[in-house]
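These notes concern the structure reproduced below.
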Amino acid sequence: MIQYEPSKIEQKWQTRWYKSKAFEPSDDKNLPKQYILSMFPYPSGRIHMGHVRNYTISDAIARHYRQKGFNVLHPIGWDSFGMPAENAAIKHGLHPKKWTYENIDYMRKELASLGLSFSREREFATSDSLYTKFEQEFIIRMFEEGLLYEKKQRVNWCETCHTVLANEQVIDGRCWRCDNEVELREMPGFYIRITAYAQELLDDLKKLEKGWPKQVLTMQENWIGRSEGLSFTLLLSEESKRKTGDKFTGFDVFTTRPDTIYGVSYTALAPEHPIVNYLLENSLLTHEKRAAIKAMQNMPERERATADKEGVDLEISVIHPLTGKKIPVWVANFVLAGYGGGAVMAVPAHDQRDWEFAAKYNLPVHEVIASEQSDLAREAWTGEGTLTESAKFTGLSNSEAKEAIIRHFEALAIGKREINYKLRDWGISRQRYWGAPIPFIHCPSCGLVPEAIENLPVTLPDDVEITGEGNPLESHPTWKKTKCPRCHSDATRETDTMDTFVQSSWYFLRYCTPNDPERPFRREDVDYWMSVDQYVGGIEHAILHLLYARFFTKALRDLGYINVDEPFTNLLTQGMVLKDGAKMSKSKGNTVDPDAIIAKYGADTARLFILFAAPPQKELEWNDSAVEGAFKFIRRLVDRSAHVTERALPAITHASLSKEEKTARRKVYEALRKSNEIYENRSFAFNTVIAAAMEALNALNAQKNPLVWSEAYFVLLNLLEPVIPHVCWELSETLFERKNFGEITIPEEVFEADSIVLAVTVNGKKRDEIEVAPDLSKEEILEKAKEQCAKWLEEKTIVKEIYVPGKLVNLVVK
RNA sequence: GCGGACGUGGUGAAAUUGGUAUACACGCCAGACUUAGGAUCUGGUGCCGCAAGGCGUGGAGGUUCAAGUCCUCUCGUCCGCACCA
């Protein structure tokens, strides 16, 4: 028996690949290309099984395309800014930079031990100052084009820790670290105007329909949340105008149900609405009412969603734009400040929220859409119907009325058709040290000024102490002190750093030109490599990262940097790795350490198991004995290679072979055909290719022909190389001097059998099988089928005979 | 509530897209070799039944010569969004 020692083979090939730069793409831009990309990792310290799965999938795809003669870019890098580095600094007293770069060095070795065919020359970390430099340049260009702006925002603030907290860091209204109650605070921050691209981001989802999972497209569509309707102004009544000091004439509302306009019985403002604030500040409400409104304002938006409907009558009124009647104005906790002007027209009869609010505060309900199924005593009627009590629109169906009423408003110039999006602008400010500094300067005379391009990058100071309390850039003695690039007077640097999603929004472009110190990338390289042909990563990035990256690509296009509309043509969202039915996690203690698996069985076994146990899109349940099974298959593959006698693809006269030999040959080429198919149709169902290869090996065992064995190894090592590369390179080198890596033609004769087996079914139920010559006539086949199934045909009349060539015969009897 | 994905043996999963359901693997059972086996090899393994046979892709209907696959309804699991006017 030939020994299979994975550690020896794997080390040998990993070293050879590294030394020979085997996986660097060619500069020849005439070659057909494939850009295969996995989502880059955060350098948390050690790789986990999710990484192994992610990179094994993309590696198999990359290796396949290399064999097919493509120029393949399969890069790796590090998403290396972020909070865990600061947390480690607080906990272990390590500098975030040291911690991060040590982790990168360790994880790079771990990934190498998997035999991944990454380009080494294009690797970078997003915390490299060169990367920061170009990113800051992009941000400044966006500012110049109005795509970046500064405004005040309400944020979660922890007074004891002296920092802003992300929503995920607020647990039951308290700080995750010190347990102090979090307060909402208005703070200035930088925002990227992603909403300017809402329509294009929505429209271009169509371009991705072929290559992206439907689920992700739907999630993005919902997130962008386009809705079409009518926007108009509700004017304050004369006495209300006076009451609010003539500061306001009215407010805008947006509705998707203009057909219900005659059913408006009150209106409601968000607690943050300027009119509400005016009433509060000028003590125009009772003490109780003011307290109630303040309580609403202090409740975070996420909590309001689950809270009961609450409101306060503001004791002012507006005029209905069509009827001229007075309508009371309330403040309500369910009205969102950031959407549709922060105010709604309320139609309790035809909107469930409005109905609940009206029920609670005893407000009138006017039915204007009639339907037999409607029961307004129980709930609002939101379905179709006919308009009633709607002046000249009475009698129209509500879908006709929508259009008619919008046109009516436009004709009178008192309202207009409007499109609203749920998508909000992207707040990128983080009061954190370990991130890319936002390259702006606050000048007492010039205001907000971008840093001069020639001064970039604005880098982080190394001499900081990370305590977790406050932003170290803020407390650093000198860092933020600078000169205004415009007037050269003393000025202060912005101390916030950028959200790490900014870095991951353009890293795929940086890979196109290997580590150019002069520019972010070369235009011609991007033109050649982009878009990414296959992107592989977790479903958890379905919205944020994938939406931001799509936006960034479009924005950089419009800034003149690139000529690409969509960054990722095809997307594969891999399933999670589970153990005992739950996601592997340290806290659950159900992790399997990739290093230990590689040490015990080798990388090829780990890769084989991961690709065989489930299709890549599905969840993968870890199974120790199935890992063992994968190892045994490789060992058997190595062992049986002793049957190979030829050093090249042998010529075989198919007709001269025995039945078993023919079957073995057929199975081998079926596996090859399957392999080609899964890449072409982008299903990447490696599990079926591996199963086909196992079937072929089983069929080979039933015969002894050395030529058949030789041919089989020539083919099987070719198609298994993407999955178990080390052992395939080893065997291929020894047996065929690697001449079998490349395109292999499938001889069609192997699929032509001497005889074929047809199923015979009676009334669709399988009763027997017949073996016939492939060229036998339909009549003879039917005759034979009837003969063999005579038992089932006794005392019956055949009413129909169906013959599906190569498949079956169906006899329909009565 | 809205949207999406998915329900196939004891388990992970196949099924050329309407044509022989359960390939391949794990597990289990039996046997061979062996001092031994948690190694290796061989065979068996959907369910009920002694058998003939019957029943089987979450459930109920339907279309069809033929349905895991198409249609309608329904139950269940998972995921995303969630007071978006």
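Keep in mind that what you see is a predicted model, and the values were worked out from it rather than measured.
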Can you tell me the distance, in whole Å, between the CZ atom of A/F334 and the C1' atom of B/G1? 16 Å
Separation of B/G38 C1' from A/K600 NZ (nearest whole Å): 11 Å
When the P atoms of B/A67 and B/G80 are considered, how many whole Å apart are they? 38 Å
Looking only at atom P, what distance separates B/U42 and B/A25, rounded to whole Å? 11 Å
When we call it a touch if two heavy atoms are under 4.0 Å apart, what does A/P213 touch: a base, just sugar-phosphate, or nothing? nothing
To the side chain of A/R636, which of B/G12, B/G19, B/C41 is closest? B/C41
Of A/N420 and A/E769, whose nearest nucleotide on RNA chain B comes first from the 5' end? A/E769
Within the structure shown, what part of the strands sits under 4.0 Å from A/K667 by heavy-atom distance: base, sugar-phosphate, or nothing? nothing
Output the residues of residues 214-222 of chain A in contact with RNA chain B, where contact means a heavy atom of the residue under 4.0 Å from an atom of the strand; sort by number or write none. A/K214, A/Q215, A/T218, A/M219, A/N222
Nearest-angstrom distance from the residue atom CD of A/Q3 to C1' of B/U40: 13 Å
Hey, does A/F633 reach any base, or is it just sugar-phosphate, or nothing, if we go heavy atoms under 4.0 Å? nothing
Nucleotide B/G4, atom C1' - distance to CD of A/Q617 in whole Å: 16 Å
For A/V757, which contact category applies under a 4.0 Å heavy-atom criterion: base, sugar-phosphate, or nothing? base
Given atom CG of A/N676 and atom C1' of B/U16, what is their separation to the nearest angstrom? 15 Å
So, A/K784 and A/E787, do they make that salt bridge, N to O below 4.0 Å? no
Can you list the steps and then say if A/Y669 with A/E748 is a side chain to side chain donor-acceptor pair (under 3.5 Å)? CA-CA 9 Å; A/Y669 283 104; A/E748 286 304 318; over 6 Å; no
Would you mind checking if A/E677 and A/R673 are paired as a salt bridge, meaning a charged N to carboxylate O distance below 4.0 Å? no
Between A/F254 and A/F232, does the ring centre distance come in under 6.0 Å? no
Check the phosphate of B/C41 against A/R640, side-chain N and O only, distance under 4.0 Å to OP1 or OP2. Yes or no? yes
Can you give me the dot-bracket string for RNA chain B, 5' to 3', counting Watson-Crick and G-U wobble pairs with both distances under 3.5 Å, using [ ] for crossing pairs and | for partners on another strand? (((((((..(((......[....)))((((((.......))))))(((....)))..(((((..]....))))))))))))....
Between A/N623 and A/S625, do the side chains contain an N or O donor and an N or O acceptor separated by less than 3.5 Å? yes
I'd like a table of donor-acceptor pairs (distance under 3.5 Å, sequence neighbours excluded) in which one partner is a side-chain atom from residues 328-343 of chain A, with atom names and distances.
residue, atom, partner, partner atom, Å
A/N333, OD1, A/E310, N, 2.9
A/N333, ND2, A/D308, O, 2.8
A/Y339, OH, A/S227, OG, 3.0

Check every strand shown and say whether A/S227 touches a base, only sugar-phosphate, or nothing at a heavy-atom separation below 4.0 Å. sugar-phosphate
Is the centre of the A/F501 ring less than 6.0 Å from the centre of the A/H545 ring? no
Between the base of B/U64 and the side chain of A/K800, is there any donor-acceptor pair under 3.5 Å? no
Could you measure between the two C1' atoms, the one in B/G76 and the one in B/C83, and give it in whole Å? 28 Å
Options B/U20, B/G19, B/C26, nucleotide nearest the side-chain atoms of A/K766: B/U20
If the cut-off is 4.0 Å, is A/K618 near the phosphate of B/A5, judged by side-chain N/O to OP1 or OP2? no
When you compare the side chains of A/T233 and A/D252, does any donor N or O come within less than 3.5 Å of an acceptor on the partner? yes
Hey, is B/U63 sitting syn or anti, using the within-90° cutoff around 0? anti
B/A15 P sits how many Å from A/R673 CZ, rounded? 14 Å
Does A/K309 reach a base, just sugar-phosphate, or nothing at all? Heavy atoms under 4.0 Å. base
A/A307 has its side chain closest, among B/U20, B/C83, B/C55, to B/C83
Check whether the side chains of A/E680 and A/N676 place a donor and an acceptor atom closer than 3.5 Å, and report yes or no. no
Taking the same atom, C1', in B/A14 and in B/C78, what whole-Å distance lies between them? 22 Å
Under-4.0 Å salt bridge between A/E783 and A/K778: no
Per A/N698 side chain, nearest of listed nucleotides B/C65, B/A25, B/C83: B/A25
Within the structure shown, what part of the strands sits under 4.0 Å from A/V335 by heavy-atom distance: base, sugar-phosphate, or nothing? base
Upstream residue (5' side of RNA chain B) when A/E619 and A/G629 are each assigned their closest nucleotide: A/E619
Taking the same atom, C1', in B/C65 and in B/C81, what whole-Å distance lies between them? 47 Å
Heavy atoms only, 4.0 Å cut-off, all strands: where does A/R767 land among base, sugar-phosphate and nothing? sugar-phosphate
May I ask you to check whether A/F631 and A/Y4 place their ring centres under 6.0 Å from each other? yes
note: A/L637, atom CG; B/A25, atom C1'; distance rounded to Å ~ 16 Å
What is the nucleic acid contact for A/N623, judged by heavy atoms within less than 4.0 Å: base, sugar-phosphate only, or nothing? sugar-phosphate
Which of B/C24, B/C26, B/C81 is nearest the side chain of A/F612? It is B/C24
What's the base orientation of B/G9: syn (chi within 90° of 0) or anti? syn
What pairs of residues pass the salt bridge (Lys or Arg N to Asp or Glu O under 4.0 Å) test when at least one of them lies in residues 624-633 of chain A, not counting sequence neighbours? none
So which of residues 684-694 of chain A are in contact with RNA chain B, with a heavy-atom cut-off of under 4.0 Å? A/N687, A/T688, A/A691, A/M694
For A/V804, answer base if it contacts any base atom (sugar-phosphate contacts may also be present), sugar-phosphate if it contacts only those atoms, and nothing otherwise; contact means non-hydrogen atoms under 4.0 Å. base
Rounding to the closest angstrom, what is the interatomic distance between B/G53 and B/G3 at atom P? 50 Å
To the side chain of A/A759, which of B/C24, B/A85, B/U20 is closest? B/U20
Look at A/R304 together with A/E272 and state whether they make a salt bridge at an N to O cut-off of under 4.0 Å. yes
Reckon A/D354 touches a base, only the sugar-phosphate, or nothing at all at heavy-atom distances under 4.0 Å? nothing
Is the shortest side-chain N to carboxylate O distance from A/E660 to A/K662 below 4.0 Å? no
Show me the donor-acceptor pairs, under 3.5 Å and distance only, between side chains in residues 211-220 of chain A and residues at least two apart or in other chains.
residue, atom, partner, partner atom, Å
A/W212, NE1, A/F568, O, 2.7
A/T218, OG1, A/K214, O, 2.8
A/Q220, OE1, A/R550, NH1, 2.8
A/Q220, NE2, A/A542, O, 3.0

Assess the pair A/W426 and A/Y191: is the distance between their ring centroids shorter than 6.0 Å? no
A/E695 side-chain proximity, nearest of B/A23, B/C83, B/G19: B/A23
Rounded to whole Å, please give me the gap between NZ in A/K632 and C1' in B/A25. 11 Å
